[in-house]
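For clarity, every value in this text was computed on a predicted model and none was experimentally measured.
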Amino acid sequence: MLDSIVVDSEGYICGWVDSFEVEPDKILVHLYGIEKRRVKRPDEERLVKELIDVLSSGRGFLGRRSPIEELHNRIREELDLPSSHPITLKELIRFADMRGITIPVKTEEIEERVEQGSVDWNLIEKIGVSELGKCILLREPIEAKRRGVEITEKVPYRGTDFLKGRTVIDSEARIVGSAKKFLLRIGAPPGLLIQLEKVKRMELPDLDELVSRLVPSRFKSERDLYRTVAKDLNLKGRFTSSEIKSRYLIPWAESKNIQIPKKVEERREVAQELPIDWSYIRKIGDVILLKETIERLTKPEEKPRKPEKPTRAVEEELKEEEEEEAEEVPEAPKEEEEAEEKEEEREEYLRDEWWREYLTSEE
């Protein structure tokens, strides 16, 4: 659970898990935050260039080796180091200090861990794990209150600019992806388009590490390295340093039998885009909390099945049943038909007799 992201009930990040402390009456989860700050560090590339320029203008190099090799040999001589001793930034700084050369610096942005307080174990509502990371969801809005955020029951609508890229966490505290955009639909309620993500791990050439191994140990600067690459590969036209680094540095290193360092890189890939109604959103803060599990949201709605068209065998069976039912209809007995016919004949005879009597009496 170390390094799990901790999110309060309003969707605000409290920090990441640093450690646990067990006391007689409670368990505390200590958190850390990440702050970025700018720091100054020695600029190794510029330092090498300045040292070579200084030494070249003085006693000079013999020219039988590259300037880098000459510089390293001079450093070993003056620092009384073995001939096989590697020259690192530490040795470069010592040599520059001996020569009274100011160490050039560069400013870099770094991330630092800082203490972020602690939360009681009893405040934990859910703990979720997915391939995208680990998450602890709290049952109280402790971070929202700390920031002075107004807490409301209803989730207000937010535009794409606000939503895009925010981590999405389902009701089981599992990180499932990120928000893509706000959905405004005709004939349907507003919604949110979620990118469900997966992690793909791959082994790739480490270009930065390769460059750091070559500069300044074999080349004065990255610019000199890329010039050499372009010359050795007989590249025509204009190329930027980034183009040569990304497209041609590896083929060049392979042609020179230079070992290429590797790195394992994890990349998030979009596996599926999922539109959901706004009503499925529980809270929106630094992250987006959902009311349902991702399995429930991705489960297709069950629709009534269309009646299947009868096959020929079924049609024949139905026809036979209809014929059987027709055969089973009871017919009127013959005796009843004969009686009806006799009754009709009798009525006709009586009518004829009545007319004869009527006519005789008139005469």
Side-chain angles (χ1 to χ4, degrees), residues 3 34-53 65-72 86-92 103-112 131-133 160-161 164-167 175 177-181 195-273:
D3 299 319
I34 298 175
E35 289 186 355
K36 293 181 179 181
R37 66 184 185 92
R38 300 178 69 84
V39 297
K40 291 183 177 181
R41 291 183 172 175
D43 189 334
E44 185 175 358
E45 184 177 333
R46 283 178 54 198
L47 177 58
V48 168
K49 183 178 183 302
E50 291 184 13
L51 290 175
I52 290 176
D53 290 342
R65 300 185 183 90
S66 69
I68 293 292
E69 292 176 327
E70 291 282 2
L71 173 62
H72 287 183
I87 302 301
T88 65
L89 178 61
K90 180 181 177 180
E91 286 74 31
L92 292 171
I103 309 298
V105 296
K106 59 182 177 181
T107 303
E108 294 180 347
E109 188 175 72
I110 63 171
E111 293 183 346
E112 285 188 338
E131 63 177 324
L132 302 180
T160 297
D161 290 343
K164 189 173 182 179
R166 291 182 186 264
T167 298
I175 302 172
S178 60
K180 184 176 182 180
K181 64 180 180 179
Q195 292 178 321
L196 302 181
E197 299 170 347
K198 61 181 180 180
V199 174
K200 186 175 182 180
R201 295 172 176 84
M202 59 187 71
E203 189 178 71
L204 300 173
D206 192 339
L207 296 178
D208 293 333
E209 177 63 22
L210 178 58
V211 170
S212 67
R213 293 182 183 183
L214 297 173
V215 178
S217 61
R218 294 179 59 174
F219 295 91
K220 182 178 178 181
S221 64
E222 287 190 36
R223 187 176 180 182
D224 290 339
L225 168 61
Y226 300 140
R227 281 178 177 174
T228 302
V229 172
K231 180 179 178 182
D232 291 347
L233 296 182
N234 196 27
L235 300 180
K236 304 297 183 181
R238 298 176 63 87
F239 296 90
T240 64
S241 296
S242 60
E243 287 176 331
I244 294 177
K245 179 181 179 180
S246 61
R247 296 172 57 186
Y248 301 108
L249 182 58
I250 296 300
W252 172 83
E254 291 174 341
S255 70
K256 299 296 182 181
N257 295 321
I258 297 174
Q259 184 178 7
I260 300 172
K262 302 288 185 179
K263 63 179 178 180
V264 176
E265 190 171 287
E266 294 185 351
R267 292 181 181 176
R268 283 194 178 191
E269 294 185 348
V270 177
Q272 179 185 349
E273 289 191 347

A.B. asks: Taking all atoms of both residues into account, what is the closest heavy-atom pair of E45 and S221, and its distance?
C.D. replies: OE2-CB, 3.3 Å
A.B. asks: Distance-only check: which donor-acceptor pairs under 3.5 Å involve side-chain atoms of residues 247-258, not counting sequence neighbours?
C.D. replies:
unit_1 : atom_1 : unit_2 : atom_2 : d
W252   : NE1    : D232   : OD2    : 2.9
S255   : OG     : W252   : O      : 2.5

A.B. asks: Between A230 and I244, which heavy-atom pair has the shortest distance, and what is it?
C.D. replies: CB-CD1, 4.2 Å
A.B. asks: One pair to check against side-chain contact (heavy atoms from CB on, under 4.5 Å): R223 and L225. What are the steps and the verdict?
C.D. replies: CA-CA 5 Å; R223 187 176 180 182; L225 168 61; over 6 Å; no
A.B. asks: Hey, is E273 close enough to K180 for a salt bridge, meaning N to O under 4.0 Å?
C.D. replies: yes
A.B. asks: Give me each pair satisfying side chain to side chain donor-acceptor pair (under 3.5 Å) with a member in residues 197-206, each pair once, sequence neighbours excluded.
C.D. replies: S178-E197, E197-R268, R201-E266
A.B. asks: Identify, with sequence neighbours excluded, every residue that meets salt bridge (charged side-chain N to carboxylate O under 4.0 Å, His left out) alongside K106.
C.D. replies: E108
A.B. asks: Given side chains that start at C-beta, do those of V39 and R41 come closer than 4.5 Å, heavy atoms only?
C.D. replies: yes
A.B. asks: So, for L210 and Q259, which heavy atoms are closest and what is the spacing to 0.1 Å?
C.D. replies: CD1-O, 4.0 Å
A.B. asks: List the residues meeting salt bridge (charged side-chain N to carboxylate O under 4.0 Å, His left out) with R267, not counting sequence neighbours, and say none if there are none.
C.D. replies: E265
A.B. asks: Which distance, rounded to the nearest 0.5 Å, do you find between the CD of Q195 and the NZ of K164?
C.D. replies: 8.0 Å
A.B. asks: Closest heavy-atom contact between G177 and L132?
C.D. replies: N-CD1, 3.6 Å
A.B. asks: Tell me, please, which residues at least two apart from S241 pass side-chain contact (heavy atoms from CB on, under 4.5 Å).
C.D. replies: Y226
A.B. asks: Between R213 and E209 (salt bridge meaning N to carboxylate O under 4.0 Å), is one present in this structure?
C.D. replies: yes
A.B. asks: Donor-acceptor check, side chain of E35 to backbone of E112, threshold 3.5 angstrom: yes or no?
C.D. replies: no
A.B. asks: Is E109 atom CD crowded by more than 12 heavy atoms from other residues, nucleotides or ligands, each under 6.0 Å away?
C.D. replies: yes
A.B. asks: As an exercise, state the distance from OG1 of T88 to NE2 of H72, rounded to the nearest 0.5 Å.
C.D. replies: 9.0 Å
A.B. asks: Would L47 and E44 satisfy side-chain contact (heavy atoms from CB on, under 4.5 Å), going step by step from the backbone distance to the final call?
C.D. replies: CA-CA 5 Å; L47 177 58; E44 185 175 358; 5.6 Å; no
A.B. asks: When you look at V211 and K245, which way does the side-chain contact (heavy atoms from CB on, under 4.5 Å) test go after all the steps?
C.D. replies: CA-CA 9 Å; V211 170; K245 179 181 179 180; 4.1 Å; yes
A.B. asks: If you apply the rule side-chain contact (heavy atoms from CB on, under 4.5 Å), what do you find for T167 with I175, and how did you get there?
C.D. replies: CA-CA 7 Å; T167 298; I175 302 172; 3.6 Å; yes
A.B. asks: Give the C-alpha distance, both sets of side-chain angles, the deciding distance and a yes or no for salt bridge (charged side-chain N to carboxylate O under 4.0 Å, His left out) between K49 and D43.
C.D. replies: CA-CA 10 Å; K49 183 178 183 302; D43 189 334; over 6 Å; no
A.B. asks: According to side-chain contact (heavy atoms from CB on, under 4.5 Å), who are the partners of T240, at least two apart in sequence or on a separate chain?
C.D. replies: S242, E243
A.B. asks: side-chain contact (heavy atoms from CB on, under 4.5 Å) with F219: which of V48, L214, V229?
C.D. replies: L214
A.B. asks: Measuring from L92:CG to E50:CD, what's the distance to the nearest 0.5 Å?
C.D. replies: 11.5 Å
